[in-house]
Amino acid sequence: MKRLLRVALCLLLACYAGQSVWAGTETLVVGVSSDIHTLDPGVSSDNYDWRQIYPCYDRLVRYKVMDGKGSTEVEPSAAESWEVSPDGLIWTFRIREGITFADGTKLDAEAVRFSLQRTLDIGKGPADNIGAIDVMRVIDPMTLEITLKNPYGPFLQTLATNGASIINPKIMQHAKDNDLAQAWLAGNMDGSGPFRMVEWLRGQRFVLEANKDYWGGAPALDRVIIRFMPESADRRMALERGDIDIAENVLIDQIPALEQNPEISVERHASQLVEYVYINTQKDKLKDKQVRQALSYAVDYQGIIDFVLQGNGVQMRGPVPLGMWGHKPDVFQYTRDVDKAKALLKDAGAEGLELTLIYSERRPSWEQIATIMQANFAQIGVKLNLQLLANPTLRDQVDKGDFELCLGAWSPDFADPYMFMNFWFDSGLWGLPGNRSFYQNEQVDALIREAAAKADVAERTRLYHQAQDVIMEDAPYIFLYQVQTIVPLHKNVHGYVFNPMLESMYNFESITKN
Amino acid sequence: MKLPGRFLMTLLLYVLRRLAYMAPVLLGVTVLAFLISHAIPGDPAQLIAGPKASRETVENIRRTHGLDQPLPAQYWRFLHGLSQGDLGVSIRSHRPVLEDIRDYLPATLELTLASLLLCLGLGIPLGILAAVKRNTVVDHLTRVFSVIGVSTPVFWLGLMLLLVFYRHLGWLPGSGRLDVTMAAPLRITGMYTVDALLAGDWQALRNAASHLLLPAFCLSYVYLAIITRIVRSSMIAVLGQDYIVTARANGLSEARVVLKHAFKNSLIPTVTIVGLSFGELMGGAILTETIFSWPGMGKYVVDSVNYLDFPAIMGFTLMVSLAYVCVNLAVDVLYAAINPTIRY
């Protein structure tokens, strides 16, 4: 027995690890909340995957950084320059010389054509973003001509999305059963970006190594380690101990404590992520816009922002969020007005209304928002039943229109108001594809479709602004708030640039550590 | 212990018979798991396609994964694959489910075995001690220890362990299976401690073991408490038997009486509980795995359910049922080995 005890004690002592594990100034460690699923740019529709994929590939264009801040405008990247025909249909890209993949293969027009065509042929989520492409033609080794199905305003922006990443065509040697090398690319990468994949230990970590020969200049960091840590408190503790440099998605209630820590800075950035309530405009009383307006007047927007988000958000003003062009700063905004809401309900003959709000556990804030809305609605005489559903079930019901009210979140894939205006209000996109309030207004349809087909930003802005006035009057959604992304990081990390278009993604190529 | 040859023969036949019964049990499990997972309303194609996908894209994915086929056809396809040792391709990770299991199962197994080791290594001595020192301070202390164990929520315990031993004292490393800067040992079993031991890589062993300690304790505490209580009560029952009095009267040392004569006869209930605990530890480690960023099956399967990743759900269910059935069989065989009056 004594011997056993001694052995156990020795083992315990052997386990004693003492000091924390500091990775050094050449290695950046990021603690993130979720493991990833696939590395195939043609397959993934998930920002968490893109976080790893994006720095390993080049795209024709990239988001500009202006004064150290990420913007929604794009600039040349693998494409040196481009021209567009007057009708906006034919785009001719001149590819930059001197970009190579890891094996020395040249990045040329054919590689771009191959990559975009592959994403289109796979036909999964990313294909929708570049779905405007009709045909592509390699004019000479460094010139690619893309013809669109119809003029499409946001086209250039869609080329900055993850699905438009340029892949080495040689991956086709790994193709099996006509899968366009999907099986191989799910766990491997072959790009020309500033980083290369070294290791992916599933559920544990993902390691990237700097591509010292990168055409845009070698990154300052040698290595980036992404640690998968599902528990928020765990990420917070690791950040405080200095084991990780950046902690992602730390719960709001833990932020004030981090702000007290002199070694940590907490950055807040206006994101393009919005939360809103779909009102099913095809359901009984909800068909009446006065009822929808009444519901919009009933909600205590500021209360939700102060209490649920602890001030880390701003009320939405119209469907296009602040920071995206096309945002209309003077569009009508609903604020809490119980009397007006009651009067509207009375006019509509909808007193004593009973509604059901569905939501899932996908976002931790929803339970609280639902409860606040229940209390808000009770004050205008509307009984709100709350129904918590599993995420797949919720999505199924939303797609079928089998609901009255539903809590939702949305973030744009590319920097264009199209992501809000056309997705949310086009009557051809009812259900999950985007128009989740099953809204139909011919005037709005005409305006947003015209805006999508034009290239001139001023003209498009005018059309979108016009549509927004109609939409706010119709109140098909309750526009809650625009979320602030909170990024706690160590003070020895410099050069981090938040880009609202690249949520959960990092500019590893320009981050330094001292 | 000596076992008669004839007994071994009948035992072998019994084991073979039980193994034959396993097939219909597992088949039943697959039918149930298949029906239940498909009863959840929802469409995995929509989930994979992403939140903004068009109808054509969703339809395309549905077709690629065979989700547009009628349920019996889908089930038949699963069975057909299974008969060839193929569990299908995960909808979420786009890899064969077997490969996913190969990646995630060893972590769970390592955690489970370490927890079990802690349960037995601490639970049995504590239980014996409490029984022998019945109604003394020692007994009361173990009771308090057990009551705390049974009533402490795992997520709270896990966070407290990290807060105290990692954040404040810095005695033990934080979450994960290894330090980020350390390479994983050469894969043999996939269990880092075992692989490091086999490779003679002491640094990796030390690192992996230190990472294992907190999650293993966190996971084991409830079962540790239960085992302590079970061992105590069955020991008390046995210690009151006539043959123990006789043994003592014959002048045997107390240690010999307790450890050899009493303990062995009190083992049956303990073995039963250990068998059950093993199955539960395997399937129920999700909270511990989440808190300690332990990349095991628990987290994998919860994510799979959220994504309605049918092949992954089926693969996991099958794997855990197999473990359950095997452990139950092992427990039944152990009964016979422990107690000669039990024969099959």
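If you're wondering where the values come from, they're calculated on a predicted model, not measured in any experiment. Throughout, protein chains are lettered first and strands after them, A, B, ... in sequence-line order, and every chain is numbered starting at 1.
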> Quick one: of Met229(A), Arg395(A), Lys400(A), who has the most non-hydrogen atom pairs under 4.5 Å with chain B?
Replying inline: Arg395(A)
> From Leu308(B) CG over to Thr393(A) OG1, what is the distance, rounded to the nearest 0.5 angstrom?
Replying inline: 7.0 Å
> So how far is it from Arg55(B) CZ to Asp399(A) CG, rounded to the nearest 0.5 Å?
Replying inline: 4.5 Å
> Quick one: what part of Ile61(B) sits under 4.5 Å from any heavy atom of chain A, side chain, backbone, both or neither?
Replying inline: side chain
> When rounded to the nearest 0.5 angstrom, what distance separates CG in Leu159(B) from CZ in Arg236(A)?
Replying inline: 10.5 Å
> Taking Gln397(A), Arg235(A), Glu231(A), Arg362(A) one by one, which has the highest count of heavy-atom pairs under 4.5 Å against chain B?
Replying inline: Glu231(A)
> For Asn129(A), is it the side chain, the backbone, both, or neither that has a heavy atom closer than 4.5 Å to a heavy atom of chain B?
Replying inline: neither
> For the residue pair Asn60(B) and Ile122(A), what are the closest heavy atoms and their distance?
Replying inline: ND2-O, 3.2 Å
> For Ala45(B), is it the side chain, the backbone, both or neither that has a heavy atom under 4.5 Å from a heavy atom of chain A?
Replying inline: neither
> Which region of Leu163(B), side chain (C-beta onward) or backbone (N, CA, C, O), has a non-hydrogen atom less than 4.5 Å from a non-hydrogen atom of chain A, or is it both or neither?
Replying inline: both
>> Quick check for you: to the nearest 0.5 Å, what is the distance between Arg227(A) atom CZ and Asp179(B) atom CG?
In response: 8.0 Å
>> If I measure from the heavy atoms of chain A, does Tyr104(B) come under 4.5 Å with its side chain, its backbone, both, or neither?
In response: side chain
> Mind checking which of residues 200-207 of chain A sit less than 4.5 Å from chain B, heavy atom to heavy atom?
Replying inline: Leu201(A), Arg202(A), Gly203(A), Gln204(A), Arg205(A)
>> Using a 4.5 angstrom heavy-atom cutoff, name the option from Ala238(A), Gly131(A), Ala183(A), Ala233(A) with the most pairs to chain B.
In response: Ala238(A)
> So which part of Ser33(A) gets closer than 4.5 Å to some heavy atom of chain B, the side chain, the backbone, both or neither?
Replying inline: neither
> So which of Ala390(A), Ser44(A), Ser411(A) has the largest heavy-atom pair count under 4.5 angstrom toward chain B?
Replying inline: Ser411(A)
> With only heavy atoms counted, which part of Leu432(A) is less than 4.5 Å from chain B, the side chain, the backbone, both or neither?
Replying inline: both
>> Taking every non-hydrogen pair under 4.5 Å, which of Ser34(A), Gly123(A), Ala186(A) racks up the most with chain B?
In response: Gly123(A)
>> Heavy atom to heavy atom, less than 4.5 Å: which residues from residues 419-429 of chain A reach chain B?
In response: Met419(A), Phe423(A)
> chain A heavy atoms under 4.5 Å from Arg92(B): which part of the residue, side chain, backbone, both or neither?
Replying inline: both
>> Surrounding CD of Glu254(B) (heavy atoms of other residues, nucleotides or ligands, distance under 6.0 Å), is the total greater than 12?
In response: yes
>> Quick check for you: to the nearest 0.5 Å, what is the distance between Ser90(B) atom OG and His37(A) atom NE2?
In response: 8.5 Å
>> Between Asn306(B) and chain A, with a heavy-atom cut-off of 4.5 Å, which part of the residue counts as in contact: side chain, backbone, both or neither?
In response: backbone
> More than 12 foreign heavy atoms under 6.0 Å from CD of Glu199(A): is that the case here?
Replying inline: yes
>> Do His94(B) and Val43(A) make a side-chain contact, defined as non-hydrogen atoms from C-beta onward lying under 4.5 Å apart?
In response: yes
> How many angstroms lie between CG in Asp179(A) and OG1 in Thr64(B), if you round to the nearest 0.5 Å?
Replying inline: 11.5 Å
>> Taking CG in Asp253(A) as the centre, count heavy atoms belonging to other residues, nucleotides or ligands within less than 6.0 Å. Is the count above 12?
In response: yes
>> Quick check for you: among Arg95(B), Glu56(B), Arg177(B), which has the greatest number of heavy-atom pairs under 4.5 Å with chain A?
In response: Arg95(B)
>> Using side-chain heavy atoms (C-beta onward) and a distance below 4.5 Å, is Ser293(B) in contact with Asp234(A)?
In response: yes
